[in-house]
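Lettering follows sequence order; numbering is per chain, from 1. Side-chain atoms are counted along with the backbone in the values below, which use heavy atoms only and exclude waters and symmetry mates.
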Amino acid sequence: MKLVVTEKNDAAQQIARLLSTSGKPKADKVYDTPVYRFSHDGEEWVTIGLRGHIMAPDFPPELKYDRKEGWYGLTTEGEHLPARLPDDLAKPPYETKRKPFLKDGIDIKGWKVPSLPYLVWAPIEKLPAEKGIIRALKNLAKKADSIVIGTDFDREGELIGSDALRQMRQVAPDTPVSRARYSAFTKAEIDHAFQNLVELDQDLADAGESRQYIDLIWGAVLTRYLTMARFGGFGNVRSAGRVQTPTLALVVQKERERQAFVPEDYWVLWGMLAPKGSASEDDSFKATHATARFKDKAAADAAFARVRDASEARVLSVEKRRRTTNPPAPFNTTTMQTAAAAEGISPARAMRLAESLYMDGLISYPRVDNTVYPKSLDLKACVRTLSEVPQYRPTCQALLSGGPLHATRGKQETTDHPPIYPTAAADPGSLQPAEWKLYNLIARRFLATLGDPCVTEGTKLTFDVEGERFTSSGTVVVEPGFRAIYPYGQRKDEQLPMLSEGDVCDVRKMTLDAKQTEPPARYSQGRLIQEMEKCGLGTKSTRASIIQRLYDVKYLKNDPVEPSQLGMAVIDALTEYAPRITSPSMTSELEDDMTKVAEGADTQEDVVTHSRALLSGVMGALIEHKDDLGNAIADAVTADAKVGVCPKCGRDLVMKTSAKTRGSFIGCMGWPDCDVTYPVPSKVKVEPIEGEAGVCPVCGAPRIKCKPFRSKAYEICVNPACPTNREPDIVVGTCAVCEADGRHGDLVAHKSEKTGRRFIRCTNYDVCGVSYPLPQRGELHATGETCPDCGAPIVEVVTARGPWRICVNMNCPGKEKKAASRAGRGRGTSASAKASGAKRGTRAKSTKSAKTKSAGGKSSKAKSPAKGES
DNA sequence: GCAAGGTC
């Protein structure tokens with residue numbers, strides 16, 4: 001039996017399909033791992049897919065977390081950091097084993113190494129990370145006559161293959177092993193690779209392993225240092241790394257540019273014009289002075305003085321220019337992430353969604369650099385498949401009825417995977433809304449790459465107004481081309497009226513606006529991904545998760561991306577004491593070292609030791625300034641948590657977490673001397689307001705900015721008892737429980753002065769116990785109506801999105817019905833999803849969400865009338 | 001409780 005080991009299940013399946021004589025390999029399992037059995041040239045073959053790296057490098061157990069000691073060399077008190085070094089380095093359990101590394105100023109491989117914390121010189125071991133797969137791999141290796149390593153054709157692939165081989169060698173020390181190198185799943189390519197087997201390139205694998213070691217050593221040492229310089233409690237890791245830190249530095253640098261930016265005044269002179277005699281408002285259009293930005297106020301004023309009372313504008317010239325925009329290139333990971341980010345899907349979320357669509361068989365493999373469709377891809381068949389989706393049908397039919405299809409080509413061409421394209425027709429009803437949003441983007445992008453250019457016509461009108469020149473421009477789509485199916489990022493048409501040279505327009509209004517130049521814009525998440533790619537930071541598979549990591553450790557906030565005070569403090573500190581890690585150049589130097597190892601010009605040991613020496617070179621300065629850094633971090637964390645100033649004692653009010661309930665509240669830094677606390681408005685992101693506007697003029701408590709998810713931010717005083725937050729009590733209905741008991745009770749909407757939360761309570765609450773929750777936002781009105789399903793009152797809530805009516809009973813049977821019908825919509829499995837063999841698709845998800853909903857309803861604190869009666 | 005790189 002011949003054993004083929006690939007990097008992932010998908011590849012194992014494809015290779016089996018392409019090499020099997022019958023074309024139909026048999027799917028089997030070894031323990032829990034899928035394998036594919038088939039015969040090839042009369043020989044029995046089996047393929048198995050790994051899950052990427054199956055081994056994880058780590059420090060020996062004694063250097064990992066210790067309950068008493070914390071991370072080695074750094075305790076939770078933080079005090080021991082300098083004290084433990086170098087004294088403790090001479091102590092057991094390490095002195096016998098690792099003594100040579102611990103003396104001052106010794107030579108290691110030609111580099112002078114000063115006294116160091118252990119970790120910098122600690123040995124690294126590789127431990128099994130995928131035990132189940134390793135078990136299956138060994139099981140097959142024992143039975144195999146020969147082994148082929150068929151992992152991806154890149155450095156990491158060589159390393160993954162080498163790790164797998166080491167495991168197999170434990171049980172099959174003498175079985176012949178070779179390496180297949182392929183870069184596309186086509187019959188010709190795979191046949192060629194397996195007829196021209198080579199040897200595993202251990203140098204290349206060693207290069208990859210050096211990368212693993214260097215990343216771990218620098219990351220772990222600096223992360224432990226930052227975290228322990230001032231321990232902020234569990235769950236407050238301050239991380240650093242070869243990729244994440246330079247990425248954070250990019251964001252911080254942009255923020256510094258914005259802070260250093262000095263706005264300049266300028267003036268814009270503009271007016272509204274309309275064709276002579278037109279009475280319609282729709283005909284008016286904007287015209288701006290030919291000097292788009294007046295830098296000089298006197299000149300602006302002078303021009304304005306000449307035109308302010310003008311009544312006529314004469315057309316001096318009409319310029320028309322046609323512009324064609326070519327259809328976009330096929331999606332690879334980066335361009336897909338960027339386009340998704342522009343639609344409000346973060347890169348990390350886009351990758352999660354793409355993974356799910358891929359597993360459901362709806363799109364092709366989502367981790368690709370390639371932007372050129374391979375010749376083997378049957379574009380027509382893809383279009384035919386997509387025509388099953390009603391939204392795409394007209395476009396698909398137009399494409400199919402035309403001549404041969406021509407697709408755009410992007411700049412990057414590789415042949416391992418095709419660009420991201422839809423592989424099956426999706427049913428919007430059976431996908432989660434976000435999944436559909438991404439699928440729709442990918443499907444439309446695919447159709448757009450086959451479309452015609454979009455032709456727009458721009459018109460530029462020049463006017464004379466009392467001797468001053470004004471211009472007006474508009475753009476109109478003439479031939480939508482690919483834009484008909486791919487409207488993303490398209491600007492709205494700006495239509496100008498039909499005018500000719502010499503025509504006269506009415507001047508409806510003239511205005512002089514004083515403006516200021518804006519600082520450079522922050523990065524959007526999409527732009528940051530692109531910037532990382534430009535700087536060589538991370539890979540297509542890791543960039544999204546690295547940005548997510550920076551958000552998770554609270555170095556970044558908001559979108560567009562903004563650094564927190566903490567993020568800036570970390571960059572400042574590392575720039576001063578370990579500048580190497582803050583710059584993308586560490587990555588490029590690492591690449592050079594890797595190349596040397598791969599070429600055999602240097603060894604893994606040399607490269608890693610050299611890197612350790614560089615790190616050890618900065619340890620002294622880091623440790624010396626541990627307290628400065630600890631203080632800077634603590635101050636930054638406080639600044640990030642600050643919401644305003646305490647009206648009672650003048651100290652900072654910060655966001656705190658209750659030890660008992662785990663909930664957040666706003667409390668005074670002066671506690672226990674000062675006991676001022678406020679509740680945090682629920683379901684919103686809270687930001688302080690700078691300056692005078694950040695203090696409530698009525699009660700003196702801070703005013704804060706609240707940003708609810710996906711709706712408009714608003715500002716309120718944090719003090720729920722403040723008169724600015726008071727709402728009149730409203731009678732919204734009659735208590736059904738009290739009526740049944742022969743009493744009368746009014747249901748009254750209150751706002752608690754303590755918590756600021758709104759709720760409904762019966763005036764006889766002590767007797768009947770009837771209360772209901774209320775939406776916390778929006779203006780509340782009584783309707784006088786009762787719910788047909790449960791008899792509870794119906795209230796109207798007016799928000800920015802408009803008024804809506806709701807039955808206040810959380811357990812109302814009507815809500816269950818609605819929830820069921822919502823879930824039911826997702827329950828139907830589409831023909832396409834079935835065809836594509838969707839296993840863990842939408843069915844499980846929607847059932848789960850339906851369950852969550854009903855469970856939430858039952859556990860609600862609201863007491864229904866029925867419950868009150870019993 | 002550490003990184004970045006694979007993949008799920």
Next item on the list: Apply salt bridge (Lys or Arg N to Asp or Glu O under 4.0 Å) to Arg155(A) and Glu591(A), showing your working.
Entry: CA-CA 11 Å; Arg155(A) 191 168 63 214; Glu591(A) 286 296 333; 3.3 Å; yes
Next item on the list: Start with the C-alpha gap between Arg211(A) and Leu590(A), add the side-chain angles, then the distance that decides, and say whether side chain to side chain contact (heavy atoms under 4.5 Å, CB included) holds.
Entry: CA-CA 7 Å; Arg211(A) 198 258 331 132; Leu590(A) 183 74; 3.6 Å; yes
May I ask you to verify if any side-chain N or O of [X] is less than 4.0 angstrom from the OP1 or OP2 atom of [N]?
{"X": "Arg242(A)", "N": "dG5(B)", "answer": "yes"}
{"X": "Arg352(A)", "N": "dC8(B)", "answer": "no"}
{"X": "Thr539(A)", "N": "dA4(B)", "answer": "no"}
{"X": "Ser239(A)", "N": "dC2(B)", "answer": "no"}
{"X": "Arg224(A)", "N": "dG1(B)", "answer": "no"}
{"X": "Gln212(A)", "N": "dA3(B)", "answer": "no"}

Next item on the list: Please determine if Lys540(A) and Glu533(A) form a salt bridge, counting it only when a charged side-chain N lies under 4.0 Å from a carboxylate O.
Entry: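 No.
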Please classify the nucleic acid contact of [X] as base, sugar-phosphate, or nothing, using heavy-atom distances under 4.0 Å.
{"X": "Arg51(A)", "answer": "base"}
{"X": "Thr542(A)", "answer": "base"}
{"X": "Tyr365(A)", "answer": "sugar-phosphate"}
{"X": "Gly157(A)", "answer": "nothing"}
{"X": "Gly52(A)", "answer": "base"}
{"X": "Ile546(A)", "answer": "sugar-phosphate"}
{"X": "Asp152(A)", "answer": "sugar-phosphate"}

Whole angstrom value for the distance that separates [atom2] of [N] from [atom1] of [X]:
{"X": "Arg367(A)", "N": "dT7(B)", "atom1": "CZ", "atom2": "C1'", "result": "5 Å"}
{"X": "Glu156(A)", "N": "dG5(B)", "atom1": "CD", "atom2": "C1'", "result": "5 Å"}
{"X": "Met532(A)", "N": "dA4(B)", "atom1": "CE", "atom2": "C1'", "result": "11 Å"}
{"X": "Ile124(A)", "N": "dA3(B)", "atom1": "CD1", "atom2": "C1'", "result": "10 Å"}
{"X": "Met594(A)", "N": "dG5(B)", "atom1": "CE", "atom2": "P", "result": "12 Å"}
{"X": "Leu216(A)", "N": "dA3(B)", "atom1": "CG", "atom2": "P", "result": "9 Å"}
{"X": "Leu159(A)", "N": "dG6(B)", "atom1": "CG", "atom2": "C1'", "result": "9 Å"}
{"X": "Glu7(A)", "N": "dG5(B)", "atom1": "CD", "atom2": "P", "result": "14 Å"}

Checklist line | Tyr439(A) OH to Leu362(A) CG distance, which is reported to the nearest 0.5 Å | finding: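 Between atom OH of Tyr439(A) and atom CG of Leu362(A) there are 6.0 Å.
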Check: Can you tell me if NZ on Lys138(A) sees more than 12 non-hydrogen neighbours from other groups inside 6.0 Å?
Finding: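 More than 12 heavy atoms, drawn from other residues, nucleotides or ligands, come within 6.0 Å of this atom.
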Item checked: Val237(A), nearest nucleotide to its side chain (from dG6(B), dA4(B), dC2(B)) ->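 Side chain of Val237(A) sits closest to dC2(B).
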Check: Between dG6(B), dC2(B), dG1(B), which one does the side chain of Thr227(A) approach most closely?
Finding: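 Side chain of Thr227(A) sits closest to dG1(B).
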Checklist line | Comparing Pro57(A) and Asp10(A) on DNA chain B - which has the more 5′ nearest nucleotide | finding: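 Of the two residues, Pro57(A) wins.
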Margin query: Could you check whether the side chain of Glu130(A) and the base of dC8(B) have a donor-acceptor pair of N or O atoms closer than 3.5 Å, going by distance alone?
Written below: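 Indeed, a donor on one side and an acceptor on the other fall under 3.5 Å apart.
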Margin query: Distance criterion of 3.5 Å, no angle test: do you see the side chain of Asn9(A) paired donor-to-acceptor with the base of dC8(B)?
Written below: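 Donor-acceptor pair under 3.5 Å: no.
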Notebook entry, point to check: Out of Val35(A), Ile48(A), Val148(A), which one pairs with Leu3(A) under the side-chain contact (heavy atoms from CB on, under 4.5 Å) rule?
Noted result: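 Answer after filtering Val35(A), Ile48(A), Val148(A): Ile48(A).
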